[in-house]
Amino acid sequence: MGKNRSYDQSQLQQLPTTNQLVAPLHITFRDAPALSLYPIHGHAWGEFIYAFNGVMEINIEQHNYLTPPPYGIWLPPHLKHSGFNRTCVSSVTFYVHESLCTRLPQHAGTLLTSPLVNAILIHLKRDLESTNEPEYLRLLQVLLDQLHTAPLIRSYLPHSNHERLKKILDYLHQYPADQSSLAQLAFLNNMTERTLARYCQKELGMSLHEWRQRLKVIKAISMLNEGRKIESIALDLGYANASAFINMFKRWMHMTPDQFRKH
């Protein structure tokens, strides 16, 4: 398994949070560096967080919600949360006043948004000088309407703050191509295979094998969004060839990587 790559606070750059809503519907764009975080905070408005490039992790009560393109995370009002960027992330946050959240989910999760949402966000990012124009405000309303109809799914990749399990999860985030077996990972962290398996079921609600597969899907989605070649992604995720990677991706996403990219 090699050197552990779990992060301590001294390695992380803390980013400012928004503490005031300037309009009932408001949008901001950010480019955040790798190993940066938003400290735990909460507010009286809802947020839709969408990453153009990279994957942001939103942590709520030890559960991680990820922002894999082309989908985003919905956070209802009054929900304490923090954010973490393992890599550089270019993102947008759509703020929704509490009075406008009645038709939106009351729980956090990933919103399976339509391609129109992506198109609107890209357009708004290119036209930052028109924030007070009627057309700009109408697009924010269309964006809100799109969120009303988007299906919500709960956490795709759970997280754990259990000391020994967290070390393993952080390591796998850094080295998704690692081929160590459950027994090897357990041994290198002074556990038995059975103990590690039990921690995974208790803390993650799934086996470590399933968690690793989900992690690879998330990593693949981010790399596909960057325009990476299938063969390159397969190697970075530890697959001997592109076919094995394509089969894994199709099994989890019900479409091939190329079909996902076109969609």
Side-chain angles (χ1 to χ4, degrees), residues 1 5 34 49-59 63-74 84-91 108-119 121-122 150-160 168-182 184-185 197 200-201 203-263:
M1 178 169 155
R5 293 296 299 272
I49 304 171
Y50 184 98
F52 295 105
N53 293 293
V55 177
M56 184 188 300
E57 301 175 20
I58 309 298
N59 185 266
H63 288 276
N64 265 15
Y65 297 80
L66 306 183
T67 58
Y71 305 128
I73 297 298
W74 168 249
F84 179 44
N85 305 305
R86 294 178 188 271
T87 62
C88 296
V89 176
S90 177
S91 67
T110 300
L111 284 179
L112 305 182
T113 49
S114 70
L116 179 58
V117 169
N118 176 263
L121 293 174
I122 290 175
L152 180 87
I153 60 172
R154 293 300 189 97
S155 177
Y156 185 72
L157 192 70
H159 177 68
S160 173
I168 294 174
L169 301 183
D170 282 345
Y171 171 80
L172 294 175
H173 265 289
Q174 288 294 302
Y175 302 104
D178 181 85
Q179 301 293 332
S180 300
S181 67
L182 182 70
Q184 290 171 323
L185 292 171
C200 290
Q201 288 296 337
E203 296 285 323
L204 307 176
M206 65 185 69
S207 68
L208 187 62
H209 173 74
E210 179 177 342
W211 190 92
R212 293 171 85 168
Q213 294 286 295
R214 292 188 180 206
L215 174 67
K216 291 185 179 186
V217 169
I218 292 295
K219 298 284 188 183
I221 287 174
S222 182
M223 289 186 275
L224 286 168
N225 193 59
E226 295 168 0
R228 296 271 302 277
K229 292 183 178 180
I230 300 299
E231 294 78 6
S232 173
I233 296 174
L235 291 174
D236 280 358
L237 294 179
Y239 292 94
N241 53 62
S243 296
F245 162 67
I246 292 170
N247 289 336
M248 181 280 296
F249 192 90
K250 187 175 181 179
R251 185 167 63 252
W252 285 91
M253 298 299 290
H254 305 293
M255 64 179 74
T256 67
D258 278 337
Q259 289 170 334
F260 181 89
R261 184 144 44 195
K262 290 175 182 177
H263 171 77

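For the numbers below, each heavy atom of this structure counts, side chains included, while hydrogens, waters and symmetry mates do not.
The two residues Ala234 and Asn241 make their nearest non-hydrogen contact at CB-O, 3.8 Å. Nearest approach of Ala150 to Leu112, heavy atoms of both residues: CB-O, 3.9 Å. Summarising the geometry of Phe249 relative to Val217, their closest heavy-atom pair is CE1-O, 4.4 Å, with the distance given to 0.1 Å. Annotation for Ile230 and Ala242: closest pair CG2-CB, 4.0 Å, computed over non-hydrogen atoms.
The closest donor-acceptor contact from the side chain of Gln179 to the backbone of Gly238 lies under 3.5 Å. Under a 3.5 Å cut-off, the side chain of Lys219 and the backbone N or O of His173 do form a donor-acceptor pair. Not one N or O on the side chain of Glu203 forms a donor-acceptor pair closer than 3.5 Å with the backbone of Gln201.
Residues Ile73 and Leu111 form no side-chain contact, since every pair of their non-hydrogen atoms from C-beta on lies 4.5 Å or further apart. At a threshold of 4.5 Å between non-hydrogen side-chain atoms, the residues Leu185 and Arg212 count as touching. Side-chain contact check for Asn118 versus Tyr50: some heavy-atom pair is nearer than 4.5 Å. When side chains are defined from C-beta on, Leu169 counts as touching Leu204, because their heavy atoms get closer than 4.5 Å. Using a 4.5 Å cut-off on side-chain heavy atoms (C-beta onward), Leu121 and Phe52 make contact.
A donor and an acceptor atom, one from each side chain of Thr256 and Asp258, are nowhere located under 3.5 Å apart.
For the atom pair Ser207 OG and Leu182 CG, the distance stands at 8.5 Å (nearest 0.5 Å). Ile233 CD1 to Lys229 NZ: the interatomic distance, rounded to the nearest 0.5 Å, is 11.5 Å. Atom CE of Met223 is separated from atom CD1 of Ile218 by 11.0 Å, given to the nearest 0.5 angstrom. Atoms CE and OG, on Met248 and Ser243 in that order, are 13.0 Å from each other to the nearest 0.5 Å.
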Carefully, step by step, assess Trp211 and Leu172 under the rule side chain to side chain contact (heavy atoms under 4.5 Å, CB included).
-> CA-CA 10 Å; Trp211 190 92; Leu172 294 175; 4.0 Å; yes

Trace of the side chain to side chain contact (heavy atoms under 4.5 Å, CB included) decision for Ile49 with Met56 = CA-CA 9 Å; Ile49 304 171; Met56 184 188 300; 3.9 Å; yes

Checking side chain to side chain contact (heavy atoms under 4.5 Å, CB included) for the pair Cys200/Met206: CA distance, chi angles, key distance, verdict?
-> CA-CA 6 Å; Cys200 290; Met206 65 185 69; over 6 Å; no

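Between Asp236 and Arg228, at least one side-chain N (NZ, or NE/NH1/NH2) sits under 4.0 Å from a carboxylate O, which counts as a salt bridge.
Lys216 forms no cation-pi arrangement with Phe245, by the criterion of a distance under 6.0 Å to the ring centre and an angle within 45° of the ring axis.
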